[in-house]
Amino acid sequence: MPLSKNEIRRRATAFAHEWRDAHNEDADAKSFWDGFLQVFGIPRKRVAVFEQLVKKLDDRQGYIDLYWPGKLVVEHKSRGKDLAKAHGQAIGYLHGLKDHELPEYIVVSDFQRIHLHHMESGEAFELKLADLPQHIDRFDFISGYTSRAPREQDPVNIRAAELMGRLHDELKATGYEGHALEVYLVRLLFILFADDTSIFENELFYDWLEGHTSEDGSDLGPKLERLFQVLNTPPAQRSNRLDERFAAFPYVNGKLFEEHLPMADWDAGMRVTLLEAAALNWSRISPAIFGALFQSVMDPKARRDLGAHYTSEANILKLIQPLFLDELWEEFNKVKASKPKLQAFHKKLSELRFLDPACGCGNFLVITYRELRRLEVEVIRALMKGQQVTNVDQLIRLNVDQFYGIEIEDFPAQIAQVALWLTDHQMNQEISQAFGEYVLRIPLRKSATVIHANALRTDWSAPLPPGKHYDYILGNPPFVGSKLMSADMRTDLLAAMDNAPNSGILDFVCAWYGLAARYMKKHGHGGSTCAFVSTNSIVQGEQVAALWAPLLAQGIKIHFAHRTFRWNNEARGVAAVHCVIIGFADHDVLKKRLYSYSEPKAEPTMEVVDNINPYLVAGRDILIPSRSKPICNVPEMMKGSQPTDDGNLLFTKEEMREFVKLEPGSKKYIRPFVGAQEFINGEERYCLWLKHTSPAELRELPYVRERIERIRRFRNASTKAATRAKAATPALFDEDRQPERGNFLIVPSVSSERRAFAPIGFMDAKTIASNLCLIIPKATLFHFGVLTSTMHMSWMRAVAGRLKSDYRYSNKIVYNNYPWPSAPTAAQREAVESAAQVVLDARANHPGSSLADLYDPLTMPADLVKAHQALDRAVDKCYRTKPFTSEAERVGYLFERYEEVVGGVLGGKRKR
């Protein structure tokens, strides 16, 4: 166990005094460095050697004055010599070392000066020997204290996972697999971490592995099996004949080494892999992300994108800060001046209980525990202000047994439990650093409760002591879309939602919302609050009413929310997921926090609001149902026409030209064919439009008839009865909604999130609109103007479904529920129509540009921007004379207007 900081400082003072008058003739470098390491309680003979022979870059031999493998290279000179030159000499020795032997630090000295250089960061520091007592923290890497917090971006996390992946593959290749392999790797993970964080004496395992196992690996399997037994046996119960090399390892407990495993067979290459892993500095590992990285080594496909499959700490903090952490810090700052109140607050912290019912490798629990322990450090500081802190371990009240998890897979469940132990030790190191007294909770006496089970078929309250409840339920349940669920998933979802109406359309994550609401009503007694990361689809489109109608009926209220943002990290190959975070409970709070993003990759801005509705909009709880007709007196919107033709009615531009050459008589039956992609990107496609074509005309078109026959066979082979019925009319589109004459409005069914305006435009009846867009026959310039305005786009962004992050426009959700201006005057209508025509004219000013070009935020022409600004002013005035200052204000107003139109939802008509 490391010495206390006070003891190290006392020894450093004595050492500096002893060597302050050393002269070259009587100074002995070996004695100097033996004494230096003793300052930190490190016996030199156990960890380091003098005059290590190495081959330098020029192939000549050299001698490292003091060499601690993987940790330290020292070059010592006579008093007054050039330390920069000595540093260069030390660098030259590195060529002769293996990768796992390379040092973290190079130190050069001339008895009176010590120059310290960190190899990875390049940071350098020089001190006089007399000042050593004031700078002992610089040598925490020797004493065993953590000198810096682990960083999630630290490459050592990736490297460690890669090495564990290699070990996994090598062990599996010998036939060692399944549950035994998983437990074996988790044990090695703990041992490697313990070796660099003073759970074991510094590098005890590395020295044991390198010096006391055969190079061919033949004895490593049985020796590791013996080591596992030792780590699970209290010293008093160990054999009195136990080899001292095993006896040096402490008793760990925690049941981590309790299960008997088959013995693994190792070879020389596998031993080298383990040595490389042991040479890494595991004190820099972040348990918050390493668990997910470690899990991914089990999957070769996932390993190719190693680093792409963990949840970043920044994203976890977005959830836990508004859920509980911000309020706990606020409470601490209010009570810290009163010792009785502070003691009560400390007691409260120690009694909080947390559940992650889809915990994976435990990253949410790990970060939660870490942040609470850091808050506890400040609580102890305040409690002990002005007092000498001794026995700091007795002041710590928080422990891992406050944390609970449920995980459907065995391996991550094991990792989660170990990750919390590792985090506990890292937090003990942080508190040791803060108070200068080392804390070590070994043997492990308490552990988190992580259940290997299906959370959707498990009683969440079962792991709790009688009469207790979870204060906070949190996590990141699995993202599986409604159409991608297995039959078992769907069964679990419907049960979790109590078979509520339309729950079959919900994404899988909604099951956790249903069970959280059920738990809070049954067990929470108003004291539980929950927050989940979810795909943004659950607050958009049809899913909103399906999920939130039963939740609102149970009294569930949203306390805080992050609107859509991009949930990812900077790792290569990572796919972005667009998410929301929703905090909710079965009780209400006065003020809610709503976090909004100008774009999914931006930083959020927070607004305190009175209520957050299920669309994550500041406003009353309203649910927008799917409607077959518009709520206002406007023309109906419908899907375009669907061919269901296996491609036989459709052509690209080149295909159309080739077909007309083959069948010249077909030209009169070919029409432009436009879907969302063609409309937005200006692409040309064509179709055979054979409506009103007589049999006699078709008789003269043999190649057209061939295509019609293929369509007939294709439809007849369908599993859908309605499609088979349409085989009787194979020359016609399956679904025909094409206007016969005049112009119609076309609205793409999907449009990019990057655009401020979803492109909408007019088409004439000669152009066939596909089912991948929506059309409004008999639409006017006024309708176009309102639909292409910021007012309508704000509504769309609030209630439309999404395809990834792109807007998925729906006539039944977006258009049919849109609250149009109540009674615009003739002058207001004329102003909108005039401004709408200017928008169309501005588009026409750029004939070579597609709508994608025109509405790209980086290339949108100035005249079109100006035209839309004028249109927005005209449309806004149809709603009210006061300008709108933000999208949130627009959406809040539109929800109020919606209530007026439909007569109120969930509570009656709103008074104005």
Side-chain angles (χ1 to χ4, degrees), residues 8 11-143 147-148 202-203 279 281:
I8 293 173
R11 291 187 179 197
T13 301
F15 176 77
H17 184 269
E18 176 187 354
W19 286 90
R20 99 185 140 180
D21 297 322
H23 296 289
N24 292 342
E25 56 270 18
D26 56 6
D28 175 19
K30 289 184 180 180
S31 299
F32 180 89
W33 286 105
D34 272 338
F36 184 87
L37 292 176
Q38 285 293 343
V39 166
F40 302 95
I42 303 297
R44 194 272 305 167
K45 289 183 180 179
R46 192 180 66 77
V47 299
V49 296
F50 283 121
E51 297 181 353
Q52 173 67 43
L53 179 65
V54 293
K55 182 179 288 188
K56 299 190 293 184
L57 188 61
D58 59 7
D59 283 338
R60 290 189 298 175
Q61 291 185 335
Y63 290 90
I64 302 175
D65 287 336
L66 178 71
Y67 173 52
W68 184 346
K71 183 78 73 175
L72 186 65
V73 163
V74 172
E75 180 63 22
H76 197 90
K77 296 297 179 184
S78 301
R79 189 169 185 174
K81 294 292 185 179
D82 185 349
L83 294 188
K85 185 176 180 181
H87 180 265
Q89 186 176 344
I91 292 290
Y93 295 142
L94 304 186
H95 172 72
L97 301 177
K98 298 176 182 177
D99 284 349
H100 66 271
E101 297 172 333
L102 292 172
E104 281 188 77
Y105 289 88
I106 288 178
V107 175
V108 295
S109 176
D110 68 347
F111 293 107
Q112 298 305 307
R113 293 175 297 157
I114 299 174
H115 181 91
L116 183 68
H117 178 86
H118 186 242
M119 293 298 294
E120 182 182 345
S121 68
E123 181 183 2
F125 182 77
E126 185 171 312
L127 68 147
K128 294 179 180 178
L129 181 63
D131 298 329
L132 178 62
Q134 288 77 49
H135 295 286
I136 58 171
D137 290 347
R138 294 277 179 178
F139 299 92
D140 282 347
F141 71 96
I142 293 178
S143 62
S147 56
R148 61 189 178 108
N202 210 311
E203 298 194 345
N281 184 354

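In what follows, residues are counted from 1 in the order of the sequence shown.
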Discussion item. What verdict does the ring-ring contact (aromatic ring centres under 6.0 Å, His included) test give for His118 and Phe141, after you've listed the backbone C-alpha separation in whole Å, the side-chain angles of each residue and the deciding distance to 0.1 Å?
Written reply: CA-CA 11 Å; His118 186 242; Phe141 71 96; 8.3 Å; no

Worksheet item: Stepwise, does the side chain to side chain contact (heavy atoms under 4.5 Å, CB included) test hold for Arg138 with Leu116?
Response: CA-CA 9 Å; Arg138 294 277 179 178; Leu116 183 68; 4.1 Å; yes

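Gly122 and His117 make their closest contact through O-CE1, 3.6 Å (heavy atoms, listed as atom of the first residue, atom of the second, distance). Here the shortest heavy-atom pairing between Glu75 and Ala86 reads CG-O, 3.7 Å. Nearest heavy atoms, His76 versus Ala29: CD2-CB, 3.7 Å. When all heavy atoms of Ala16 and Ala130 are compared, the pair lying nearest together is CB-CA, 4.3 Å.
If you take CZ on Phe139 and CG on Leu37, they are separated by 10.5 Å, rounding to the nearest 0.5 Å. Summarising the geometry, atom CH2 belonging to Trp68 is positioned 6.0 Å from atom CD belonging to Glu203; distances are rounded to the nearest 0.5 Å. Remark: Tyr105 OH to Ile142 CD1 distance equals 9.0 Å, nearest 0.5 Å. Rounded to the nearest 0.5 angstrom, Gln112 CD and Arg79 CZ are separated by 4.0 Å. The NZ atom of Lys30 sits 10.0 Å away from the CG atom of Asp65 when rounded to the nearest 0.5 Å.
The shortest distance between side-chain heavy atoms of Phe50 and Asp34 falls below 4.5 Å. Inter-residue side-chain proximity for Phe36 and Ser109 is flagged as unmet; no heavy-atom pair is nearer than 4.5 Å. Residues Gln89 and Lys77 are in side-chain contact: their nearest non-hydrogen atoms beyond the backbone lie under 4.5 Å apart.
Contacts of Ser31 classified as side-chain contact (heavy atoms from CB on, under 4.5 Å), with partners at least two apart in sequence or in another chain: Trp19, Asp28. In this structure, the side-chain contact (heavy atoms from CB on, under 4.5 Å) partners of Ile91, at least two apart in sequence or on a different chain, are His87, Leu94, Ile106, Met119. Shown here are the side-chain contact (heavy atoms from CB on, under 4.5 Å) partners of Gln52, two or more places apart in sequence or in another chain: Val49, Val54, Ile64, Tyr67.
Of the options Val108, Val74, Leu129, a side chain to side chain contact (heavy atoms under 4.5 Å, CB included) to Ile114 is made by Leu129 and by none of the others.
Under a 3.5 Å cut-off, the side chain of Tyr93 and the backbone N or O of Tyr63 do form a donor-acceptor pair.
Classified by interplanar angle (parallel below 30°, tilted 30° to 60°, perpendicular above 60°), the ring pair Phe111/Phe32 is perpendicular.
Taking the charged nitrogens against the carboxylate oxygens, Asp110 and Arg113 do have a contact shorter than 4.0 Å, which makes a salt bridge.
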